[in-house]
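Only one structure is covered here, and it is reproduced in the block below.
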Amino acid sequence: MPIAKTEMHRAVMSKRIVSGSEYVKKNSALQILKRDHKTAIIPYVAEVLNRVEMCQKHHRCNSPWCPTCSNPRASKSKRKNVKQTLPQTQGLACLTTTQAKSGEYRVRGGQRMMTDIEGLPLVMCHPVTINVMAVPVNGSIGGSLNDVRIRIRRMLDRMSNGAICRGKFDIVLKWIDELEFDFHVDEWPGEIDPTNLPHKRYAMLHFHGVIFDPLMSHREVRTIIAAEFPGAKRVCLRHAEEVVVMSDGTMIGGLQGYLEYASMEKIEISFGDESADAVLDFARIDSTWKRANRNFSYGKAVHVSGVQIDRKRQAELERKQRLDRVKTNWSKMNFAEKFIYQWLSDASDIASSAKQQSLNRSDIRKRFNDYFLLHCNWCSSIWYETLEFVQFLKLSHSELAEKPPKMIPT
């Protein structure tokens, strides 16, 4: 093939790897491996190509490099319509589908990991992503995983009795000097100077999983993880989301959706016009571990360990989570929305204290009045004297002032 035609072909393949779907990325990567393999016989490339070429409709190869087996051709394809046989309880982890065994590898992986998490309170389940370590493209991931597993288990041992973790490891190629997160000074590879990072490709080993803890709050769990894996933006701990039920009865999202994402076995290579050159590096480092090495499991299911879930603690954690979300979005709210949240939050506290202080009802009534007048400064004096809270909630958004006007003197 002429040099100009070769360079054009590599540029086209690089663009597909950067911006294509998962199917297009893997198909393009296989084309590059085939061409490089013709130039020089590479053992680990030959193993990938031979296995994928044997793939048939009735006898799948199940290779992570296969565009059909590891990821469906249409990444947004609908699941098979199945009737839900179990009622979905709000606030609990639910399976996305009741299908016995899916034809997609990522769905099967999500179903398998959800087995020990299904039915647990969502507020006690924490989806987590940890950037574990950087591995040279000529290094070995399989040789480093034992130490990584020991660190994660040591981290989980610090959590409450009955903690559970299910997840998978994955790799992505990155320029070592363009990382969006930081490692601790002692955790950089031996040949790397943290103060002068080279412009080289490295494999970033990371972990996707779900942690269940029956007692600790979201912040407490994140503190333990960040203590074991220190570094800015190195740990991402999310709140578990509810499952979304579609009009045809199928369910998407939730914890299983996150675990399916962890099971996708993506080819993550994004180096612009140099993406085609990085495919061989990815194949080299990917040959140093097996699919079974990706799995991680810690702890026993609740029905096996016998751990009891405290419903009072669950309610307390749910309240803290709601308050954290309000605090996160506080700067985006207008004054009327802030009034509603503060009124509902503080009114419940005042009402609970009123039951305990029945002899001081006049003080409680004064606290109610003072608080209500404080938040009505943005209303005219005539209006707020006759306003009831229920009437306030019935008002449309357009009728509420964005900012409180100046206090009207009486």
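Predicted model, so just to flag it, every value in this text is computed and none were measured.
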Exercise. Please collect all salt bridge (charged side-chain N to carboxylate O under 4.0 Å, His left out) contacts where either partner lies in residues 188-198, sequence neighbours excluded, each pair once.
Key: none
Quiz item: Do any N or O atoms from the side chain of E265 and from the backbone of W65 form a donor-acceptor pair under 3.5 angstrom?
Solution: no
Exercise. Check the pair M114 / Y258 against side chain to side chain contact (heavy atoms under 4.5 Å, CB included), numbers first and verdict last.
Key: CA-CA 10 Å; M114 275 293 297; Y258 180 81; over 6 Å; no
Self-check item: Distance-minimising heavy-atom pair for M216 and M159
Solution: CE-CA, 3.8 Å
Quiz prompt | C55 versus C66, closest heavy-atom pair with distance | solution = SG-SG, 4.0 Å
Quiz prompt | Criterion salt bridge (charged side-chain N to carboxylate O under 4.0 Å, His left out) on E316 and R313, from CA distance to verdict | solution = CA-CA 5 Å; E316 183 180 353; R313 179 58 177 168; 3.4 Å; yes
Practice problem: Using the ring pair (Phe, Tyr, Trp, His ring centres under 6.0 Å) rule, collect all pairs that involve residues 110-147, keeping only residues at least two apart or in two chains. | Solution: H126-H218
Quiz item: Do Y202 and W188 have their ring centres less than 6.0 Å from each other?
Solution: no
Exercise. With sequence neighbours left out, write down each residue that passes ring-ring contact (aromatic ring centres under 6.0 Å, His included) with W175, or none if nothing qualifies.
Key: H199, F271
Exercise. Could you grab the distance from atom CD1 of I267 to atom CG of D286, nearest 0.5 Å is fine?
Key: 6.5 Å
Quiz prompt | R153 vs F296 side-chain heavy atoms within contact, under 4.5 Å | solution = yes
Quiz item: To the nearest 0.5 Å, what is the distance between OG (S63) and CZ (R291)?
Solution: 7.0 Å
Quiz item: In Å and rounded to the nearest 0.5 Å, what is the OG to NZ distance from S270 to K174?
Solution: 6.5 Å
Practice problem: Using a cut-off of 6.0 Å, state whether more than 12 heavy atoms not belonging to R219 lie near its atom CZ. | Solution: no
Return a table of donor-acceptor pairs under 3.5 angstrom between the side chains of residues 162-173 and protein atoms on other chains or two or more places apart.
residue: R166; atom: NE; partner: D116; partner atom: OD2; Å: 3.3
residue: R166; atom: NH1; partner: S297; partner atom: OG; Å: 3.2
residue: R166; atom: NH1; partner: Y298; partner atom: O; Å: 2.7
residue: R166; atom: NH1; partner: G299; partner atom: O; Å: 3.3
residue: R166; atom: NH2; partner: D116; partner atom: OD2; Å: 2.7
residue: R166; atom: NH2; partner: G299; partner atom: O; Å: 2.9
residue: K168; atom: NZ; partner: N295; partner atom: OD1; Å: 2.4
residue: D170; atom: OD1; partner: R294; partner atom: NH1; Å: 3.2

Self-check item: Closest non-hydrogen atom pair between L255 and I117, with its separation
Solution: CD1-CG2, 3.8 Å
Quiz item: What orientation do H208 and H206 show, parallel under 30°, tilted 30 to 60°, or perpendicular over 60°?
Solution: perpendicular
Exercise. Applying salt bridge (charged side-chain N to carboxylate O under 4.0 Å, His left out), name anything that partners E47, two or more places apart in sequence or on another chain.
Key: none
Quiz item: In Å and rounded to the nearest 0.5 Å, what is the CZ to CG distance from F181 to N131?
Solution: 3.5 Å
Quiz item: side chain to side chain donor-acceptor pair (under 3.5 Å) with D281: which residues, sequence neighbours excluded?
Solution: R201
Quiz prompt | Q31: partners by side-chain contact (heavy atoms from CB on, under 4.5 Å), with sequence neighbours left out | solution = H9, M13, R16, N27
Quiz item: Nearest heavy-atom pair of A134 and P189: which atoms, and what distance?
Solution: O-CG, 3.6 Å
Quiz item: Side-chain contact, heavy-atom cut-off 4.5 Å: V48 with L30?
Solution: yes
Quiz prompt | Residues which pass side-chain contact (heavy atoms from CB on, under 4.5 Å) with A46, listed by chain and number, not counting sequence neighbours | solution = H37, N50
Exercise. Hey, could you give me the CD1/CG distance between I224 and D157, rounded to the nearest 0.5 Å?
Key: 10.5 Å
Quiz item: Is the side chain of T288 donor-acceptor paired with the backbone N or O of R284 at a distance under 3.5 Å, no angle test?
Solution: no
Quiz item: Is there a donor-acceptor contact under 3.5 Å from the side chain of D177 to the main chain of L197?
Solution: no
Exercise. Might you work through the side chain to side chain contact (heavy atoms under 4.5 Å, CB included) test for M204 and L179, ending with a clear yes or no?
Key: CA-CA 10 Å; M204 296 296 110; L179 297 180; 3.8 Å; yes
Practice problem: Of all the heavy-atom pairs spanning A276 and S14, show the shortest one and how long it is. | Solution: N-OG, 3.0 Å
Exercise. Check ring-ring contact (aromatic ring centres under 6.0 Å, His included) between Y44 and all other residues, then give those that pass, not counting sequence neighbours.
Key: none
Quiz item: What side chain to side chain donor-acceptor pair (under 3.5 Å) pairs are there with at least one residue in residues 299-311, not counting sequence neighbours?
Solution: R311-Q314
Self-check item: side chain to side chain donor-acceptor pair (under 3.5 Å) partners for R234, two or more places apart
Solution: E187
Self-check item: Electrostatic pair E180:K233 at N-O distance under 4.0 angstrom
Solution: no
Quiz item: Closest approach of F229 and M155, non-hydrogen atoms and distance?
Solution: CE1-SD, 4.0 Å
Quiz prompt | Heavy-atom check, side chain of V210 versus side chain of R238, under 4.5 Å | solution = no
Quiz item: Say you draw a straight line from CE of M124 to CG of L122; how long is it, rounded to the nearest 0.5 Å?
Solution: 11.0 Å
Practice problem: Decide yes or no on side chain to side chain contact (heavy atoms under 4.5 Å, CB included) for L205 and W289, but give the supporting numbers first. | Solution: CA-CA 12 Å; L205 178 65; W289 66 334; 4.3 Å; yes
Quiz item: Does the pair V302 and L120 meet the rule for a side chain to side chain contact (heavy atoms under 4.5 Å, CB included), with working shown?
Solution: CA-CA 9 Å; V302 172; L120 298 179; 3.5 Å; yes
Exercise. Please identify each residue that fulfils ring-ring contact (aromatic ring centres under 6.0 Å, His included) with F212, with sequence neighbours left out.
Key: none
Quiz prompt | Any side-chain heavy-atom pair of L33 and F282 under 4.5 Å | solution = no
